[in-house]
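So you know, we letter chains A, B, ... as the sequences are listed, proteins then strands, and number each from 1. What's counted below: heavy atoms across the whole structure, side chains too, no hydrogens, waters or symmetry copies.
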Protein chains: 2
Amino acid sequence: MTEPIKKKYRASPFLRRGGAKPKRAERLLTVALELFSKSDFSAVSIKKIADEAGVNSSLIYYYFDSKEILFQAALERAVLQTLQNYEMLRERHNNPAELISDWFDTHIVLAEPIKKLVKIMLDYSTSGTQHEVIDSIIYQFYKEESQLLSASIEWGIKLDLFNAVDPLRAARLASTFLDGAMTRALIMPTLDVAEVINDLKDVFWEHLGYDPTSKSKGCQQPVHHLLS
Amino acid sequence: MTEPIKKKYRASPFLRRGGAKPKRAERLLTVALELFSKSDFSAVSIKKIADEAGVNSSLIYYYFDSKEILFQAALERAVLQTLQNYEMLRERHNNPAELISDWFDTHIVLAEPIKKLVKIMLDYSTSGTQHEVIDSIIYQFYKEESQLLSASIEWGIKLDLFNAVDPLRAARLASTFLDGAMTRALIMPTLDVAEVINDLKDVFWEHLGYDPTSKSKGCQQPVHHLLS
DNA sequence: GTCTATATGCAGATAGAC
DNA sequence: GTCTATCTGCATATAGAC
(Lines give C-alpha, C1' and ligand atoms only; values in the text may rest on other atoms or scores of the structure.)
Protein backbone atom coordinates (compact mmCIF):
# COMPACT_ATOMS: atom_id res chain seq x y z
CA MET A 1 0.00 0.00 0.00
CA THR A 2 2.80 2.39 0.73
CA GLU A 3 3.92 3.18 -2.74
CA PRO A 4 7.35 4.58 -3.33
CA ILE A 5 7.16 8.31 -3.14
CA LYS A 6 7.91 9.85 -6.45
CA LYS A 7 9.10 13.36 -6.90
CA LYS A 8 8.88 16.20 -9.43
CA TYR A 9 6.75 19.28 -9.11
CA ARG A 10 7.51 18.73 -5.51
CA ALA A 11 8.02 22.42 -5.00
CA SER A 12 5.57 23.54 -2.39
CA PRO A 13 6.04 27.23 -3.12
CA PHE A 14 3.52 26.89 -5.86
CA LEU A 15 2.36 29.63 -8.03
CA ARG A 16 5.52 31.51 -7.45
CA ARG A 17 3.99 34.66 -8.78
CA GLY A 18 5.92 36.15 -11.63
CA GLY A 19 8.10 33.11 -11.87
CA ALA A 20 8.29 31.58 -15.31
CA LYS A 21 6.00 28.73 -14.48
CA PRO A 22 5.18 26.25 -17.16
CA LYS A 23 1.76 27.14 -18.49
CA ARG A 24 1.10 23.60 -19.49
CA ALA A 25 1.59 22.34 -15.96
CA GLU A 26 -0.81 24.96 -14.64
CA ARG A 27 -3.35 24.05 -17.25
CA LEU A 28 -2.97 20.38 -16.40
CA LEU A 29 -3.45 21.08 -12.73
CA THR A 30 -6.62 23.02 -13.39
CA VAL A 31 -8.08 20.32 -15.57
CA ALA A 32 -7.00 17.63 -13.13
CA LEU A 33 -8.67 19.35 -10.18
CA GLU A 34 -11.80 19.75 -12.20
CA LEU A 35 -11.94 16.09 -13.17
CA PHE A 36 -10.79 14.70 -9.82
CA SER A 37 -13.54 16.63 -8.12
CA LYS A 38 -16.17 15.45 -10.55
CA SER A 39 -15.26 11.81 -10.45
CA ASP A 40 -12.81 10.11 -8.16
CA PHE A 41 -9.16 9.32 -8.39
CA SER A 42 -9.33 5.94 -10.02
CA ALA A 43 -12.20 6.87 -12.27
CA VAL A 44 -10.23 9.68 -13.86
CA SER A 45 -7.76 8.41 -16.39
CA ILE A 46 -4.58 10.14 -17.36
CA LYS A 47 -5.79 10.09 -20.89
CA LYS A 48 -8.99 11.91 -19.98
CA ILE A 49 -7.04 14.64 -18.28
CA ALA A 50 -4.72 14.93 -21.25
CA ASP A 51 -7.60 14.99 -23.72
CA GLU A 52 -9.39 17.65 -21.74
CA ALA A 53 -6.22 19.71 -21.61
CA GLY A 54 -5.67 19.18 -25.30
CA VAL A 55 -2.31 17.45 -25.01
CA ASN A 56 -0.96 13.98 -25.40
CA SER A 57 -1.23 11.76 -22.36
CA SER A 58 2.49 11.12 -22.27
CA LEU A 59 3.16 14.77 -21.69
CA ILE A 60 1.68 14.48 -18.24
CA TYR A 61 4.59 12.27 -17.27
CA TYR A 62 6.95 14.94 -18.36
CA TYR A 63 5.56 17.28 -15.73
CA PHE A 64 4.41 14.83 -13.08
CA ASP A 65 6.01 11.58 -12.14
CA SER A 66 2.78 9.75 -11.62
CA LYS A 67 -0.95 10.12 -11.41
CA GLU A 68 -0.70 10.39 -7.65
CA ILE A 69 1.80 13.19 -7.83
CA LEU A 70 -0.53 15.01 -10.18
CA PHE A 71 -3.43 14.50 -7.78
CA GLN A 72 -1.33 15.70 -4.89
CA ALA A 73 -0.24 18.81 -6.78
CA ALA A 74 -3.82 19.62 -7.77
CA LEU A 75 -5.00 19.26 -4.19
CA GLU A 76 -2.15 21.34 -2.87
CA ARG A 77 -2.93 24.09 -5.34
CA ALA A 78 -6.62 24.10 -4.42
CA VAL A 79 -5.87 24.30 -0.72
CA LEU A 80 -3.33 27.06 -1.15
CA GLN A 81 -5.72 29.12 -3.21
CA THR A 82 -8.41 28.74 -0.60
CA LEU A 83 -5.96 29.70 2.11
CA GLN A 84 -5.09 32.79 0.12
CA ASN A 85 -8.75 33.69 0.19
CA TYR A 86 -8.75 33.37 3.94
CA GLU A 87 -5.71 35.56 4.15
CA MET A 88 -7.39 38.24 2.09
CA LEU A 89 -10.42 37.97 4.33
CA ARG A 90 -8.26 38.57 7.31
CA GLU A 91 -6.68 41.65 5.86
CA ARG A 92 -9.91 43.10 4.61
CA HIS A 93 -11.72 43.51 7.88
CA ASN A 94 -11.17 45.27 11.11
CA ASN A 95 -14.34 43.98 12.66
CA PRO A 96 -14.88 40.37 13.72
CA ALA A 97 -18.57 40.25 12.86
CA GLU A 98 -17.96 41.50 9.36
CA LEU A 99 -15.11 39.11 8.90
CA ILE A 100 -17.19 36.13 9.93
CA SER A 101 -20.09 37.30 7.84
CA ASP A 102 -17.78 37.63 4.89
CA TRP A 103 -16.44 34.18 5.55
CA PHE A 104 -19.94 32.74 5.22
CA ASP A 105 -20.60 34.78 2.08
CA THR A 106 -17.35 33.61 0.57
CA HIS A 107 -18.57 30.05 0.90
CA ILE A 108 -21.67 31.00 -1.04
CA VAL A 109 -19.81 32.74 -3.82
CA LEU A 110 -17.04 30.18 -3.99
CA ALA A 111 -19.30 27.21 -3.41
CA GLU A 112 -18.17 25.50 -6.59
CA PRO A 113 -14.42 25.44 -5.98
CA ILE A 114 -14.90 24.71 -2.31
CA LYS A 115 -17.16 21.80 -3.13
CA LYS A 116 -14.40 20.49 -5.35
CA LEU A 117 -11.93 20.84 -2.55
CA VAL A 118 -14.12 19.02 -0.06
CA LYS A 119 -14.82 16.25 -2.51
CA ILE A 120 -11.19 15.77 -3.38
CA MET A 121 -10.10 15.78 0.26
CA LEU A 122 -12.75 13.24 1.03
CA ASP A 123 -11.63 10.99 -1.77
CA TYR A 124 -8.09 11.15 -0.60
CA SER A 125 -8.90 10.57 3.05
CA THR A 126 -11.07 7.58 2.38
CA SER A 127 -8.78 6.07 -0.21
CA GLY A 128 -6.67 4.36 2.39
CA THR A 129 -3.41 5.60 0.95
CA GLN A 130 -1.37 8.00 2.98
CA HIS A 131 1.15 10.58 1.98
CA GLU A 132 2.76 12.84 4.49
CA VAL A 133 2.62 15.80 2.17
CA ILE A 134 -1.08 15.56 1.44
CA ASP A 135 -1.87 14.84 5.06
CA SER A 136 -0.10 17.95 6.15
CA ILE A 137 -1.77 20.03 3.45
CA ILE A 138 -5.21 18.98 4.64
CA TYR A 139 -4.25 19.40 8.25
CA GLN A 140 -2.97 22.90 7.59
CA PHE A 141 -6.14 23.81 5.75
CA TYR A 142 -8.41 23.04 8.65
CA LYS A 143 -5.99 24.51 11.13
CA GLU A 144 -5.92 27.82 9.31
CA GLU A 145 -9.68 27.86 8.98
CA SER A 146 -10.08 27.13 12.64
CA GLN A 147 -7.62 29.84 13.57
CA LEU A 148 -9.29 32.41 11.38
CA LEU A 149 -12.67 31.72 12.91
CA SER A 150 -11.74 31.21 16.52
CA ALA A 151 -9.53 34.27 16.56
CA SER A 152 -12.37 36.33 15.19
CA ILE A 153 -14.79 34.96 17.71
CA GLU A 154 -12.40 35.62 20.55
CA TRP A 155 -11.87 39.10 19.25
CA GLY A 156 -15.64 39.70 19.13
CA ILE A 157 -15.98 38.47 22.67
CA LYS A 158 -13.34 40.90 23.84
CA LEU A 159 -15.16 43.70 22.07
CA ASP A 160 -18.27 42.55 23.88
CA LEU A 161 -20.02 42.01 20.58
CA PHE A 162 -20.46 38.28 21.16
CA ASN A 163 -21.43 36.02 24.03
CA ALA A 164 -18.56 34.41 25.87
CA VAL A 165 -18.76 31.11 24.01
CA ASP A 166 -15.86 28.72 23.64
CA PRO A 167 -14.14 30.11 20.54
CA LEU A 168 -12.62 26.85 19.38
CA ARG A 169 -15.83 24.91 19.68
CA ALA A 170 -17.87 27.60 18.02
CA ALA A 171 -15.35 27.76 15.20
CA ARG A 172 -15.52 24.03 14.75
CA LEU A 173 -19.27 24.18 14.70
CA ALA A 174 -19.38 26.74 11.92
CA SER A 175 -16.66 25.05 9.95
CA THR A 176 -18.25 21.63 10.26
CA PHE A 177 -21.57 22.99 9.20
CA LEU A 178 -20.06 24.50 6.10
CA ASP A 179 -18.63 21.12 5.23
CA GLY A 180 -22.14 19.79 5.58
CA ALA A 181 -23.55 22.40 3.26
CA MET A 182 -20.93 21.51 0.67
CA THR A 183 -21.52 17.80 1.10
CA ARG A 184 -25.25 18.15 0.81
CA ALA A 185 -24.86 20.29 -2.27
CA LEU A 186 -22.69 17.60 -3.81
CA ILE A 187 -25.23 14.91 -3.05
CA MET A 188 -28.27 16.95 -4.04
CA PRO A 189 -27.27 19.38 -6.77
CA THR A 190 -30.65 21.06 -6.59
CA LEU A 191 -29.96 22.35 -3.10
CA ASP A 192 -29.83 26.11 -2.75
CA VAL A 193 -26.50 26.49 -0.98
CA ALA A 194 -26.98 30.19 -0.38
CA GLU A 195 -30.22 29.58 1.45
CA VAL A 196 -28.77 26.93 3.71
CA ILE A 197 -25.69 28.95 4.51
CA ASN A 198 -27.75 32.01 5.30
CA ASP A 199 -29.88 29.95 7.65
CA LEU A 200 -26.76 28.81 9.39
CA LYS A 201 -25.47 32.32 9.61
CA ASP A 202 -28.62 33.38 11.42
CA VAL A 203 -28.34 30.54 13.89
CA PHE A 204 -24.68 31.27 14.41
CA TRP A 205 -25.34 34.93 15.19
CA GLU A 206 -28.05 33.78 17.54
CA HIS A 207 -25.55 31.53 19.25
CA LEU A 208 -23.05 34.35 19.55
CA GLY A 209 -25.78 36.67 20.76
CA TYR A 210 -25.03 39.06 17.98
CA ASP A 211 -27.60 41.12 16.13
CA PRO A 212 -26.36 41.57 12.57
CA THR A 213 -28.95 44.21 11.72
CA SER A 214 -27.70 46.54 14.38
CA LYS A 215 -24.31 47.24 12.97
CA SER A 216 -24.67 46.40 9.32
CA LYS A 217 -22.70 48.74 7.14
CA GLY A 218 -24.18 47.33 4.00
CA CYS A 219 -23.15 44.04 2.56
CA GLN A 220 -19.67 44.21 1.18
CA GLN A 221 -18.92 42.04 -1.78
CA PRO A 222 -17.06 38.98 -0.60
CA VAL A 223 -13.52 38.44 -1.74
CA HIS A 224 -13.00 36.28 -4.77
CA HIS A 225 -9.80 34.80 -5.84
CA LEU A 226 -11.33 32.34 -8.17
CA LEU A 227 -10.04 28.85 -8.15
CA SER A 228 -9.42 27.86 -11.72
CA MET B 1 -22.37 7.48 -20.38
CA THR B 2 -25.87 6.12 -20.10
CA GLU B 3 -25.10 2.46 -19.79
CA PRO B 4 -27.76 -0.09 -20.53
CA ILE B 5 -29.59 -0.83 -17.37
CA LYS B 6 -29.00 -4.34 -16.29
CA LYS B 7 -31.30 -6.24 -14.03
CA LYS B 8 -31.21 -8.94 -11.36
CA TYR B 9 -31.53 -8.36 -7.66
CA ARG B 10 -33.77 -5.67 -8.87
CA ALA B 11 -36.32 -6.48 -6.21
CA SER B 12 -36.75 -3.38 -4.12
CA PRO B 13 -38.58 -5.14 -1.31
CA PHE B 14 -35.23 -6.04 0.08
CA LEU B 15 -34.68 -7.90 3.21
CA ARG B 16 -38.05 -9.46 2.95
CA ARG B 17 -37.95 -10.58 6.52
CA GLY B 18 -38.38 -14.27 6.91
CA GLY B 19 -38.08 -14.75 3.21
CA ALA B 20 -35.53 -17.32 2.14
CA LYS B 21 -32.97 -14.82 1.02
CA PRO B 22 -29.67 -16.07 -0.30
CA LYS B 23 -27.12 -15.75 2.44
CA ARG B 24 -24.30 -15.34 0.00
CA ALA B 25 -25.95 -12.35 -1.62
CA GLU B 26 -26.43 -10.72 1.77
CA ARG B 27 -22.85 -11.39 2.67
CA LEU B 28 -21.68 -9.93 -0.61
CA LEU B 29 -23.78 -6.83 -0.08
CA THR B 30 -22.30 -6.32 3.35
CA VAL B 31 -18.76 -6.68 2.12
CA ALA B 32 -19.47 -4.49 -0.89
CA LEU B 33 -20.87 -1.69 1.22
CA GLU B 34 -17.88 -1.87 3.47
CA LEU B 35 -15.42 -1.65 0.62
CA PHE B 36 -17.32 0.88 -1.45
CA SER B 37 -17.43 3.16 1.54
CA LYS B 38 -13.74 2.78 2.26
CA SER B 39 -12.56 3.36 -1.25
CA ASP B 40 -14.59 4.44 -4.21
CA PHE B 41 -16.47 2.64 -6.90
CA SER B 42 -13.76 2.25 -9.46
CA ALA B 43 -11.06 1.59 -6.89
CA VAL B 44 -12.89 -1.43 -5.56
CA SER B 45 -12.48 -4.43 -7.77
CA ILE B 46 -14.92 -7.27 -8.06
CA LYS B 47 -12.11 -9.59 -7.12
CA LYS B 48 -11.43 -7.69 -3.90
CA ILE B 49 -15.05 -7.98 -2.89
CA ALA B 50 -15.07 -11.66 -3.72
CA ASP B 51 -11.83 -12.28 -1.83
CA GLU B 52 -13.10 -10.43 1.20
CA ALA B 53 -16.30 -12.44 1.10
CA GLY B 54 -14.34 -15.63 0.65
CA VAL B 55 -15.83 -16.62 -2.67
CA ASN B 56 -14.73 -16.72 -6.25
CA SER B 57 -15.12 -13.49 -8.17
CA SER B 58 -17.28 -15.12 -10.80
CA LEU B 59 -19.89 -15.91 -8.24
CA ILE B 60 -20.71 -12.25 -7.93
CA TYR B 61 -22.02 -12.34 -11.47
CA TYR B 62 -24.32 -15.12 -10.52
CA TYR B 63 -26.08 -12.86 -8.02
CA PHE B 64 -25.57 -9.46 -9.61
CA ASP B 65 -25.51 -8.65 -13.27
CA SER B 66 -22.74 -6.12 -12.98
CA LYS B 67 -20.60 -4.17 -10.61
CA GLU B 68 -22.99 -1.27 -10.85
CA ILE B 69 -25.97 -3.38 -9.93
CA LEU B 70 -24.04 -4.63 -6.92
CA PHE B 71 -23.23 -1.08 -5.91
CA GLN B 72 -26.81 -0.05 -6.34
CA ALA B 73 -28.05 -2.96 -4.24
CA ALA B 74 -25.57 -2.19 -1.49
CA LEU B 75 -26.59 1.44 -1.40
CA GLU B 76 -30.25 0.58 -1.40
CA ARG B 77 -29.75 -1.78 1.50
CA ALA B 78 -27.84 0.81 3.51
CA VAL B 79 -30.49 3.43 2.98
CA LEU B 80 -33.32 1.09 3.85
CA GLN B 81 -31.62 0.04 7.04
CA THR B 82 -31.11 3.64 8.04
CA LEU B 83 -34.73 4.40 7.26
CA GLN B 84 -35.73 1.51 9.47
CA ASN B 85 -33.80 3.13 12.27
CA TYR B 86 -35.73 6.32 11.72
CA GLU B 87 -38.97 4.40 11.81
CA MET B 88 -38.03 2.83 15.12
CA LEU B 89 -37.13 6.25 16.42
CA ARG B 90 -40.55 7.49 15.49
CA GLU B 91 -42.31 4.68 17.26
CA ARG B 92 -40.21 4.87 20.35
CA HIS B 93 -41.03 8.36 21.46
CA ASN B 94 -44.07 10.29 22.37
CA ASN B 95 -42.19 13.50 22.98
CA PRO B 96 -40.62 15.61 20.20
CA ALA B 97 -37.65 16.78 22.26
CA GLU B 98 -36.73 13.24 23.20
CA LEU B 99 -37.15 12.07 19.66
CA ILE B 100 -34.87 14.75 18.29
CA SER B 101 -32.37 14.16 21.03
CA ASP B 102 -32.43 10.48 20.26
CA TRP B 103 -31.94 11.27 16.58
CA PHE B 104 -28.73 13.12 17.39
CA ASP B 105 -27.55 10.34 19.67
CA THR B 106 -28.28 7.78 17.01
CA HIS B 107 -25.88 9.59 14.74
CA ILE B 108 -23.22 9.29 17.39
CA VAL B 109 -23.75 5.61 18.00
CA LEU B 110 -24.22 4.76 14.36
CA ALA B 111 -21.57 7.14 13.12
CA GLU B 112 -19.68 4.41 11.32
CA PRO B 113 -22.47 3.06 9.12
CA ILE B 114 -23.85 6.53 8.50
CA LYS B 115 -20.44 7.74 7.44
CA LYS B 116 -20.37 4.87 4.98
CA LEU B 117 -23.74 5.86 3.68
CA VAL B 118 -22.77 9.49 3.21
CA LYS B 119 -19.55 8.54 1.49
CA ILE B 120 -21.22 6.13 -0.86
CA MET B 121 -24.00 8.58 -1.74
CA LEU B 122 -21.40 11.21 -2.42
CA ASP B 123 -19.45 8.92 -4.68
CA TYR B 124 -22.54 8.08 -6.62
CA SER B 125 -23.74 11.64 -6.92
CA THR B 126 -20.45 12.96 -8.13
CA SER B 127 -19.77 10.05 -10.45
CA GLY B 128 -21.72 11.59 -13.27
CA THR B 129 -23.70 8.46 -13.94
CA GLN B 130 -27.38 8.47 -13.25
CA HIS B 131 -29.78 5.71 -12.44
CA GLU B 132 -33.38 6.42 -11.70
CA VAL B 133 -33.50 3.80 -9.00
CA ILE B 134 -30.52 5.10 -7.06
CA ASP B 135 -31.64 8.68 -7.50
CA SER B 136 -34.99 7.88 -6.01
CA ILE B 137 -33.43 5.95 -3.14
CA ILE B 138 -31.28 8.92 -2.18
CA TYR B 139 -34.14 11.31 -2.65
CA GLN B 140 -36.36 9.22 -0.43
CA PHE B 141 -33.71 9.03 2.23
CA TYR B 142 -33.44 12.77 2.65
CA LYS B 143 -37.17 13.22 2.33
CA GLU B 144 -37.84 10.82 5.16
CA GLU B 145 -35.19 12.39 7.32
CA SER B 146 -36.61 15.82 6.68
CA GLN B 147 -40.10 14.64 7.48
CA LEU B 148 -39.07 12.99 10.71
CA LEU B 149 -37.34 16.12 11.90
CA SER B 150 -39.72 18.78 10.69
CA ALA B 151 -42.74 16.90 11.98
CA SER B 152 -41.10 16.63 15.38
CA ILE B 153 -40.23 20.29 15.41
CA GLU B 154 -43.73 21.26 14.41
CA TRP B 155 -45.08 19.02 17.10
CA GLY B 156 -42.82 20.63 19.68
CA ILE B 157 -43.96 24.05 18.61
CA LYS B 158 -47.58 23.06 19.05
CA LEU B 159 -46.79 21.75 22.52
CA ASP B 160 -45.15 25.11 23.16
CA LEU B 161 -41.89 23.38 23.94
CA PHE B 162 -40.07 25.08 21.07
CA ASN B 163 -39.91 28.52 19.55
CA ALA B 164 -42.02 29.05 16.48
CA VAL B 165 -39.20 28.49 14.01
CA ASP B 166 -39.71 27.36 10.42
CA PRO B 167 -39.81 23.57 10.85
CA LEU B 168 -38.55 22.74 7.38
CA ARG B 169 -35.63 25.10 7.55
CA ALA B 170 -34.69 24.02 11.05
CA ALA B 171 -34.87 20.39 9.98
CA ARG B 172 -32.64 21.09 7.01
CA LEU B 173 -30.20 22.87 9.25
CA ALA B 174 -29.85 19.96 11.63
CA SER B 175 -29.71 17.43 8.86
CA THR B 176 -27.11 19.38 6.91
CA PHE B 177 -24.99 19.80 9.97
CA LEU B 178 -25.02 16.10 10.61
CA ASP B 179 -23.79 15.55 7.07
CA GLY B 180 -21.01 17.95 7.91
CA ALA B 181 -20.08 16.04 11.03
CA MET B 182 -19.92 12.83 9.03
CA THR B 183 -17.92 14.47 6.25
CA ARG B 184 -15.46 15.99 8.66
CA ALA B 185 -15.07 12.69 10.44
CA LEU B 186 -14.31 11.05 7.12
CA ILE B 187 -11.71 13.64 6.27
CA MET B 188 -10.16 13.80 9.72
CA PRO B 189 -10.49 10.41 11.36
CA THR B 190 -9.20 11.80 14.63
CA LEU B 191 -12.26 14.00 15.05
CA ASP B 192 -14.41 13.24 18.06
CA VAL B 193 -17.80 12.93 16.38
CA ALA B 194 -19.66 12.70 19.66
CA GLU B 195 -18.24 15.98 20.83
CA VAL B 196 -19.14 17.82 17.64
CA ILE B 197 -22.64 16.42 17.53
CA ASN B 198 -23.24 17.29 21.16
CA ASP B 199 -22.12 20.83 20.47
CA LEU B 200 -24.59 21.02 17.66
CA LYS B 201 -27.32 19.62 19.82
CA ASP B 202 -26.78 22.41 22.32
CA VAL B 203 -26.92 25.05 19.64
CA PHE B 204 -30.00 23.48 18.16
CA TRP B 205 -31.83 23.47 21.49
CA GLU B 206 -30.77 27.06 21.88
CA HIS B 207 -32.25 27.82 18.49
CA LEU B 208 -35.49 26.08 19.39
CA GLY B 209 -35.52 27.84 22.75
CA TYR B 210 -35.64 24.52 24.52
CA ASP B 211 -33.94 23.72 27.79
CA PRO B 212 -32.98 20.05 27.74
CA THR B 213 -32.11 19.94 31.44
CA SER B 214 -35.60 20.91 32.48
CA LYS B 215 -37.45 17.88 31.26
CA SER B 216 -34.76 15.26 31.03
CA LYS B 217 -36.07 11.87 32.04
CA GLY B 218 -32.63 10.34 31.95
CA CYS B 219 -30.84 9.56 28.77
CA GLN B 220 -32.41 6.66 27.02
CA GLN B 221 -30.17 4.43 25.03
CA PRO B 222 -30.49 5.30 21.38
CA VAL B 223 -31.92 2.76 19.02
CA HIS B 224 -29.51 0.55 17.18
CA HIS B 225 -30.30 -1.55 14.27
CA LEU B 226 -26.76 -2.03 13.32
CA LEU B 227 -25.79 -1.73 9.74
CA SER B 228 -23.45 -4.64 9.46
C1' DG C 1 -24.41 -22.66 -6.69
C1' DT C 2 -19.68 -22.50 -7.14
C1' DC C 3 -15.70 -23.04 -9.42
C1' DT C 4 -11.65 -22.76 -13.49
C1' DA C 5 -10.29 -20.79 -17.50
C1' DT C 6 -10.26 -17.23 -20.51
C1' DA C 7 -11.74 -13.32 -23.72
C1' DT C 8 -11.30 -8.56 -24.14
C1' DG C 9 -10.16 -4.04 -23.19
C1' DC C 10 -8.16 -0.23 -21.16
C1' DA C 11 -5.19 1.95 -17.71
C1' DG C 12 -0.67 3.58 -16.06
C1' DA C 13 3.69 4.08 -17.43
C1' DT C 14 8.20 4.06 -20.44
C1' DA C 15 11.35 4.52 -24.67
C1' DG C 16 12.69 7.15 -27.90
C1' DA C 17 11.97 10.03 -32.35
C1' DC C 18 11.37 14.78 -33.54
C1' DG D 1 8.64 20.06 -24.83
C1' DT D 2 5.68 17.25 -27.30
C1' DC D 3 4.60 13.46 -29.74
C1' DT D 4 4.11 8.06 -31.47
C1' DA D 5 4.52 3.51 -30.31
C1' DT D 6 4.47 0.07 -27.12
C1' DC D 7 5.06 -2.78 -22.75
C1' DT D 8 2.73 -4.69 -18.89
C1' DG D 9 -0.74 -5.74 -15.91
C1' DC D 10 -5.10 -5.83 -14.08
C1' DA D 11 -10.22 -5.21 -14.36
C1' DT D 12 -14.81 -6.51 -15.91
C1' DA D 13 -17.23 -9.93 -17.67
C1' DT D 14 -18.39 -14.60 -19.96
C1' DA D 15 -18.32 -19.75 -21.07
C1' DG D 16 -18.76 -23.76 -19.40
C1' DA D 17 -17.30 -27.84 -16.26
C1' DC D 18 -18.67 -29.81 -11.88
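Of all heavy-atom pairs between R92(B) and D102(B), the closest is NH1-OD2, 3.4 Å.
Rounding to the nearest 0.5 angstrom, the gap separating the CZ atom in F64(A) from the CZ atom in F71(A) is 13.5 Å.
Of the candidates dC3(C), dT4(D), dG1(D), dG1(D) carries the atom nearest the L59(A) side chain, counting heavy atoms from C-beta on.
When the P atom of dT6(C) is taken as reference, atom CG of N56(B) falls 14 Å away, rounded to whole Å. Atom CG in L70(A) sits roughly 15 Å away from atom P in dA11(C) (whole-Å rounding). Nucleotide dG12(C) holds its C1' atom 16 Å from the CZ atom of F64(A), rounded to whole Å. To the nearest angstrom, C1' of dA13(D) lies 19 Å from CZ of F71(B). Rounded to a whole Å, the NZ atom of K48(B) is 19 Å from the P atom of dG9(D).
Looking at S58(B), its side chain comes within 3.5 Å of the base of dT14(D) through a donor and an acceptor atom.
In summary, E87(A) and R90(A) engage in a salt bridge, as defined by a charged side-chain N under 4.0 Å from a carboxylate O. A salt bridge links K115(B) to E112(B): at least one charged side-chain nitrogen sits closer than 4.0 Å to a carboxylate oxygen.
When the side-chain nitrogen and oxygen atoms of R24(A) are compared with OP1 and OP2 of dT2(D), one or more of them lie within a distance under 4.0 Å. OP1 or OP2 of dG1(D) lies within a sub-4.0 Å distance of a side-chain N or O belonging to Y62(A).
Taking the six-membered ring for Trp and thresholds of 30 and 60 degrees, F36(B) and F41(B) have nearly parallel ring planes, at less than 30 degrees apart.
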Are there any protein N/O atoms within less than 3.5 Å of an N/O atom in nucleotides 10-12 of chain D, and if so, which ones and at what distance?
{"unit_1": "dT12(D)", "atom_1": "OP1", "unit_2": "V44(B)", "atom_2": "O", "d": "3.4"}
{"unit_1": "dT12(D)", "atom_1": "OP1", "unit_2": "I46(B)", "atom_2": "N", "d": "3.3"}
{"unit_1": "dT12(D)", "atom_1": "OP1", "unit_2": "K67(B)", "atom_2": "NZ", "d": "2.9"}
{"unit_1": "dT12(D)", "atom_1": "OP2", "unit_2": "I46(B)", "atom_2": "N", "d": "2.9"}

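L80(B) is not listed as a side-chain neighbour of I137(B), based on a closest heavy-atom distance of 4.5 Å or more.
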